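To start, the structure under review is shown below, and the notes come after it.
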Amino acid sequence: MRVLVTGGAGFIGSHIVTALTSAGHEPVVLDVLLPTAHPVPPPRPPGVEWTEADVRDGPALREALRGVDAVCHQAAMVGLGKDFADAPAYVGCNDLGTATLLAAMAETGVRDLVLAGSMVVYGEGRYDCPRHGRVAPGPRVAADLAAGRFEPRCPECGATLTPGLIGEEAAPDPRNVYAATKLAQEHLAAAWARATGGRAVSLRYHNVYGPGMPRDTPYAGVASFFRSSLARGESPRVFEDGGQRRDFVHVRDVAAANALALTAVREREPGVLSAFNTGSGEPRTVGEMATALADAYSGPAPVVTGEYRLGDVRHITASSRRLRTELGWRPTVGFAAGMTEFARSGQRGAAVAPESMAAPAS
């Protein structure tokens with residue numbers, strides 16, 4: 001199968017290219033290769049066709065789609081960024097870029113899509129109240145966070161809530177600009193599928209980490225921040241009290257999920273987008289991750305700062321049962337082994353501006 005991988009030179013995209021090649025497919029990379037995202041030109045695997053172009057370049061996309069059987073759309077601007085001034089860049093990269101790609105696919109007749117989705121579309125994760133059962137707490141307020149009251153409370157009675165694994169049936173509730181753009185990508189893909197009879201899968205990545213993560217950029221995940229600090233000889237700075245629960249999933253497992261989804265999407269119902277959580281199934285706190293990474297790196301211990309960001313959620317961990325049951329995916333890299341490898345592997349060079357339309361999604 002010939003597969004166009006947008007953002008195929010980025011962190012996740014490059015691992016997907018490797019996984020597809022190993023599975024006997026023919027990946028084609030489209031990446032704009034901005035110096036801010038790729039200060040050092042990335043290596044090009046032998047035999048892999050590359051197109052250096054922006055995902056918002058319609059003519060370049062139509063050319064790259066010639067002879068393609070499916071698209072794996074990884075190109076996006078990721079992370080929370082610096083402040084709300086980044087909003088136009090996020091919308092331009094993620095939503096206009098996706099719309100341009102889908103229009104080119106509609107024109108060229110490519111009907112199979114795997115999208116890099118994200119767990120950020122859920123906002124907070126699943127919570128249960130001992131009195132009221134399943135509840136959906138609203139966004140946390142600055143006064144509570146400033147006072148160190150980080151845990152969401154039951155909106156009915158104020159009781160302490162028990163976090164759990166969230167499933168794909170949960171209603172979306174994006175809490176920041178990045179999350180809003182990731183949800184919009186899914187809506188665009190669903191509209192494209194209905195209009196064209198296409199088949200689409202969104203893999204809602206949880207916290208992806210592993211070799212090749214970018215270094216020293218605000219446009220990345222928490223694992224990248226901590227690894228960058230250790231590389232500078234500094235302690236990882238853990239926000240809030242470090243008790244935030246996340247699901248850290250290794251990039252090779254995410255690449256394997258994409259390879260499976262690209263085969264399975266051809267058997268899905270036309271006109272529909274199917275969403276799948278993509279997580280390890282091993283929830284950990286951010287503090288636990290920082291400690292494991294610092295220990296494996298033999299670096300300074302993490303520092304819990306009490307700082308916070310309004311766009312962050314407290315707990316978000318995945319139930320990936322649907323992906324396991326329907327596509328037969330199984331993560332293979334455990335938390336301890338993955339963090340040890342990550343601590344000892346290299347990172348991509350510093351990026352001082354937003355990663356572009358060909359940057360990896362997460």
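What you are looking at is a predicted structure, and each value in this text was computed from that prediction instead of being measured. Numbering starts at 1 and runs along the sequence shown.
- Side-chain contact between Val29 and Val48: present, with at least one pair of heavy atoms (C-beta onward) separated by less than 4.5 Å.
- Contact annotation: the side chain of Val222 never approaches that of Phe239 to less than 4.5 Å [non-hydrogen atoms, C-beta and beyond].
- Under the 4.5 Å side-chain criterion, counting only non-hydrogen atoms from C-beta, Asp312 is not in contact with Gln244.
- No side-chain donor-acceptor contact under 3.5 Å links Asp54 to the backbone of Val32.
- Between the CZ atom of Phe226 and the CZ atom of Arg237 there is a distance of 10.5 Å, given to the nearest 0.5 Å.
- Here the OG-CZ distance, from Ser14 to Arg44, works out to 13.5 Å after rounding to the nearest 0.5 Å.
- No donor-acceptor pair under 3.5 Å is formed between the side chain of Glu341 and the backbone N or O of Pro211.
- In this structure a side-chain-to-backbone donor-acceptor pair under 3.5 Å is present from Trp329 to Asp253.
- Under 3.5 Å, the side chains of Tyr90 and Asn176 contain no donor-acceptor pair of N or O atoms.
- For Ser345 (side chain) and Phe342 (main-chain N/O), a donor-acceptor pair under 3.5 Å exists by modelled atom type.
- Neither Leu165 nor Val135 shares a network with the other; the hydrophobic side chains, linked directly or stepwise wherever heavy atoms of I, L, V, M, F, W or Y lie under 4.5 Å apart, form separate groups for each.
- Side chain to side chain, Arg153 and Thr160 meet the donor-acceptor criterion of an N or O pair below 3.5 Å.
- Other residues, nucleotides and ligands contribute more than 12 heavy atoms inside 6.0 Å of the CZ atom of Arg232.
- Enclosure of atom CD in Glu307 by more than 12 non-hydrogen atoms of other residues, nucleotides or ligands within 6.0 angstrom is indicated.
- For the atom pair CG of Asp69 and CZ of Arg111, the computed distance is 13.0 Å after rounding to the nearest 0.5 Å.
- Ring planes of Tyr127 and His315: tilted class, angle from 30 to 60°.
- Tracing side-chain contacts under 4.5 Å through hydrophobic residues (I, L, V, M, F, W, Y), one reaches Val17 starting from Leu260; they form part of the same cluster.
- Atom-to-atom distance recorded for Glu269:CD and Ser274:OG is 8.0 Å, nearest 0.5 angstrom.
- A donor-acceptor contact closer than 3.5 angstrom links the side chains of Tyr205 and Asn258.
- Using a 4.0 Å cut-off between charged side-chain N and carboxylate O, Asp112 and Arg199 make a salt bridge.
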*Before giving the answer on salt bridge (charged side-chain N to carboxylate O under 4.0 Å, His left out), spell out for Glu124 and Arg314 the whole-Å C-alpha distance, their side-chain angles and the decisive distance to 0.1 Å.*
CA-CA 7 Å; Glu124 288 285 352; Arg314 180 62 176 175; over 6 Å; no
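- Criterion: ILVMFWY side-chain heavy atoms under 4.5 Å apart, direct or through other members. Under it, Leu145 and Val286 are not part of a common hydrophobic cluster.
- Looking at Pro331 and Arg324, their side chains come closer than 4.5 Å, going by heavy atoms from C-beta outward.
- No more than 12 heavy atoms of other residues, nucleotides or ligands shown are found within 6.0 angstrom of CZ on Arg66.
- Looking only at distances, a side-chain donor or acceptor of Thr305 sits under 3.5 Å from a matching main-chain atom of Val238.
- The shortest distance between side-chain heavy atoms of Arg246 and Met289 does not fall below 4.5 Å.
- Atom-to-atom distance recorded for Asn94:CG and Tyr178:OH is 7.0 Å, nearest 0.5 angstrom.
- Side-chain N or O atoms of Lys182 include one that pairs as donor or acceptor with a backbone N or O of Ala116 at under 3.5 Å.
- One N or O on the side chain of Ser224 and one on the backbone of Pro214 form a donor-acceptor pair closer than 3.5 Å.
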*Residues Arg62, Glu107; criterion salt bridge (charged side-chain N to carboxylate O under 4.0 Å, His left out); working and verdict*: CA-CA 8 Å; Arg62 289 190 291 274; Glu107 183 175 337; 3.7 Å; yes
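- For the residue pair Arg56 and Gly97, the shortest heavy atom distance occurs at CG-CA, 3.5 Å.
- Inter-residue side-chain proximity for Leu96 and Val91 is flagged as unmet; no heavy-atom pair is nearer than 4.5 Å.
- The main-chain N or O of Ala301 is found under 3.5 Å from a side-chain atom of Ser235 such that the two form a donor-acceptor pair.
- Annotation for Arg330: atom CZ counts as buried by contact number, over 12 foreign heavy atoms lying within 6.0 Å.
- In the hydrophobic clustering of ILVMFWY residues, with side-chain heavy atoms under 4.5 Å counting as a link, Leu273 and Leu183 come out apart.
- Arg140 and Tyr308 are not linked by any side-chain donor-acceptor pair at a separation below 3.5 angstrom, with hydrogens and angles left out of the test.
- Side-chain atoms of Cys129 and Cys157, non-hydrogen and from C-beta on, do get closer than 4.5 Å to each other.
- Classification of the His250-Tyr209 ring pair by plane angle, with boundaries at 30° and 60°, yields perpendicular.
- Using a distance-only test at 3.5 Å, with no hydrogens or angles considered, no donor-acceptor pair links the side chain of Asp128 to the main chain of Gly164.
- Side-chain atoms of Leu102 and Leu113, non-hydrogen and from C-beta on, do get closer than 4.5 Å to each other.
- A donor-acceptor contact closer than 3.5 angstrom is absent between the side chains of Ser280 and His206.
- A single hydrophobic cluster is seen to contain both Val120 and Phe84, as judged by linkage of ILVMFWY side chains at heavy-atom distances under 4.5 Å, directly or through other members.
- Between His73 atom NE2 and Leu115 atom CG the span is 6.0 Å, to the nearest 0.5 Å.
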